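Data first, discussion second: the structure below is written as structure tokens.
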Amino acid sequence: MPSITATTISYSKTLECDEHPTKDYAVATEIKSRRDLSREKILVEPRVVTFPLQPQLPKSLDDLQVDITTDNSAVILQYSVHVCPRSMRREMGLVFPDIVGEESRLLIIPTFQRTLSSMISYEVETQAEKDVKLHLFYRWGTELVDRLHAQGHWADITDPMSGMALFTSCGPSLYPDVEGAEALLRYTPFNLGSCFVMSHPQWGTHVYPATAFTLAPAEVVTRTLCEMQNSLQ
């Protein structure tokens with residue numbers, strides 16, 4: 001397996017920064033059966049970026065009492081920014097009850113980290129890598145949420161392990177990252193026994209998906225992501 005480096009996935013509309021960086025099954029069924037594949041819903045096309053990580057853990061992450069075991073200084077991930085499609089809005093209100101009535105303003109930010117191991121493997125090394133990618137997403141996602149909260153905007157991430165909201169009220173449904181990627185990006189999953197498995201167009205099953213959400217305006221989200229990219233420069 002080649003080393004993992006930051007590259008740019010092909011896109012037609014990109015987010016430019018001042019400093020260029022290194023290049024519940026119920027819900028799942030609804031998303032899959034009524035997915036909206038309209039490309040104009042994408043505000044920022046998929047791109048792979050290196051984000052520096054703050055050496056100090058965000059206080060909100062400390063408050064969750066999560067035992068973060070990674071001390072990486074950066075995370076490389078692919079992200080994109082999407083307007084929540086009409087076909088997904090009812091489900092989003094069941095995942096995040098705090099946004100009921102405002103689902104049309106919701107922006108969804110799916111992320112993907114490339115992995116050395118195939119995520120369908122049950123080897124010890126694969127489970128260890130899953131933990132690392134989970135903790136890296138926690139650190140990146142919490143910083144994004146904190147920055148948006150500081151600007152007066154609702155934001156949250158879901159736990160990739162459970163699909164539950166981490167920082168706001170949890171609804172009766174869970175968010176499925178794999179089916180979300182299918183609806184938003186046309187990434188086709190495959191069925192492995194009782195679950196859907198993520199398949200990335202470039203990385204296959206060597207990928208760890210996770211998702212962030214916000215009611216912030218698109219320009220605030222793009223500016224904040226740029227600031228995060230350049231935070232330690």
Side-chain angles (χ1 to χ4, degrees), residues 4 7-15 24-49 51 75-92 94-96 103 106-115 117-120 126 129-130 133-134 136-138 140-141 144 155-166 173-214 221 225:
I4 299 172
T7 59
T8 302
I9 302 294
S10 60
Y11 53 88
S12 58
K13 188 197 312 182
T14 64
L15 169 64
D24 154 14
Y25 284 108
V27 176
T29 301
E30 290 291 335
I31 291 175
K32 184 176 181 182
S33 62
R34 302 191 292 109
R35 57 183 176 164
D36 183 346
L37 299 177
S38 177
R39 295 293 288 180
E40 71 263 18
K41 301 288 185 183
I42 304 182
L43 301 179
V44 177
E45 293 277 351
R47 64 197 321 253
V48 181
V49 171
F51 285 93
V75 59
I76 300 173
L77 53 76
Q78 175 193 314
Y79 76 88
S80 51
V81 183
H82 307 251
V83 175
C84 181
R86 186 181 300 273
S87 60
M88 291 177 64
R89 292 175 189 172
R90 185 181 71 84
E91 288 78 24
M92 292 300 95
L94 296 175
V95 177
F96 302 109
E103 296 92 339
L106 182 68
L107 299 184
I108 306 176
I109 308 169
T111 75
F112 307 91
Q113 296 177 70
R114 190 177 180 183
T115 62
S117 304
S118 169
M119 292 294 100
I120 65 175
T126 301
E129 189 174 14
K130 285 181 180 179
K133 299 304 185 184
L134 172 63
L136 288 172
F137 173 71
Y138 278 165
W140 177 87
L144 174 61
D156 204 351
I157 58 177
T158 47
D159 184 346
M161 303 293 290
S162 68
M164 296 176 65
L166 275 186
S173 294
L174 309 175
Y175 184 77
D177 294 298
V178 173
E179 287 76 13
E182 182 184 14
L184 297 169
L185 288 161
R186 309 184 190 183
Y187 290 179
T188 304
F190 62 92
N191 194 299
L192 187 66
S194 61
C195 64
F196 289 106
V197 175
M198 176 78 216
S199 181
H200 188 278
Q202 281 78 37
W203 306 334
T205 59
H206 292 252
V207 64
Y208 191 89
T211 313
F213 309 81
T214 185
V221 175
L225 288 166

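Here the structure is a predicted model, which is why all the values come from computation and not from measurement.
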Exercise: identify the closest heavy-atom pair between [X] and [Y]:
X: R89; Y: C84; value: NE-O, 3.3 Å
X: F51; Y: Y79; value: CZ-CE2, 3.7 Å
X: F112; Y: M198; value: CE2-CE, 3.7 Å
X: P160; Y: L134; value: CD-CD1, 3.6 Å
X: A212; Y: L144; value: CB-CD2, 4.1 Å
X: D156; Y: A165; value: OD2-CB, 3.2 Å

For T126, all residues meeting side-chain contact (heavy atoms from CB on, under 4.5 Å), sequence neighbours excluded: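 If we apply the side-chain contact (heavy atoms from CB on, under 4.5 Å) test to T126, skipping adjacent residues, the hits are S117, M119, S121, E123, K130.
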side-chain contact (heavy atoms from CB on, under 4.5 Å) against S80, all qualifying residues, sequence neighbours excluded: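 Only P46, H82, P110, L185 meet the side-chain contact (heavy atoms from CB on, under 4.5 Å) criterion with S80.
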I want to check something: taking the side chain as every heavy atom from C-beta on, are [X] and [Y] in contact at a cut-off of under 4.5 Å?
X: M164; Y: L174; answer: yes
X: S118; Y: H206; answer: yes
X: V178; Y: Y187; answer: no

Partners meeting ring-ring contact (aromatic ring centres under 6.0 Å, His included) with Y208 (sequence neighbours left out):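 With sequence neighbours excluded, Y208 shows a ring-ring contact (aromatic ring centres under 6.0 Å, His included) to no residue whatsoever.
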Which residues share a ring-ring contact (aromatic ring centres under 6.0 Å, His included) with F137, sequence neighbours left out: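 F137 satisfies ring-ring contact (aromatic ring centres under 6.0 Å, His included) with no other residue.
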[atom1] of [X] to [atom2] of [Y]: how many Å apart, nearest 0.5 Å?
X: I108; Y: M92; atom1: CD1; atom2: CE; result: 5.5 Å
X: W140; Y: I157; atom1: CH2; atom2: CD1; result: 8.5 Å
X: Q113; Y: H200; atom1: CD; atom2: NE2; result: 11.5 Å
X: D177; Y: T211; atom1: CG; atom2: OG1; result: 3.5 Å
X: L107; Y: T214; atom1: CG; atom2: OG1; result: 6.5 Å

Set of residues satisfying side-chain hydrogen bond (donor to acceptor under 3.5 Å, both in side chains) with respect to T111, sequence neighbours excluded: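 For T111, no residue satisfies side-chain hydrogen bond (donor to acceptor under 3.5 Å, both in side chains) once neighbours in sequence are set aside.
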Short side-chain to backbone donor-acceptor contact, T115 and V207, under 3.5 Å: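 The answer is yes, because a donor-acceptor pair under 3.5 Å joins these two groups.
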Derivation and outcome, side-chain contact (heavy atoms from CB on, under 4.5 Å), residues T205 and F190: CA-CA 10 Å; T205 59; F190 62 92; 3.6 Å; yes
Steps toward side-chain contact (heavy atoms from CB on, under 4.5 Å) verdict (R114, V48): CA-CA 10 Å; R114 190 177 180 183; V48 181; over 6 Å; no
Aromatic plane relationship, Y175 with F213 - under 30° parallel, 30 to 60° tilted, over 60° perpendicular: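 Ring orientation, 0 to 90° scale: perpendicular.
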Audit row: L225, V44, side-chain contact (heavy atoms from CB on, under 4.5 Å) steps and yes/no: CA-CA 11 Å; L225 288 166; V44 177; over 6 Å; no
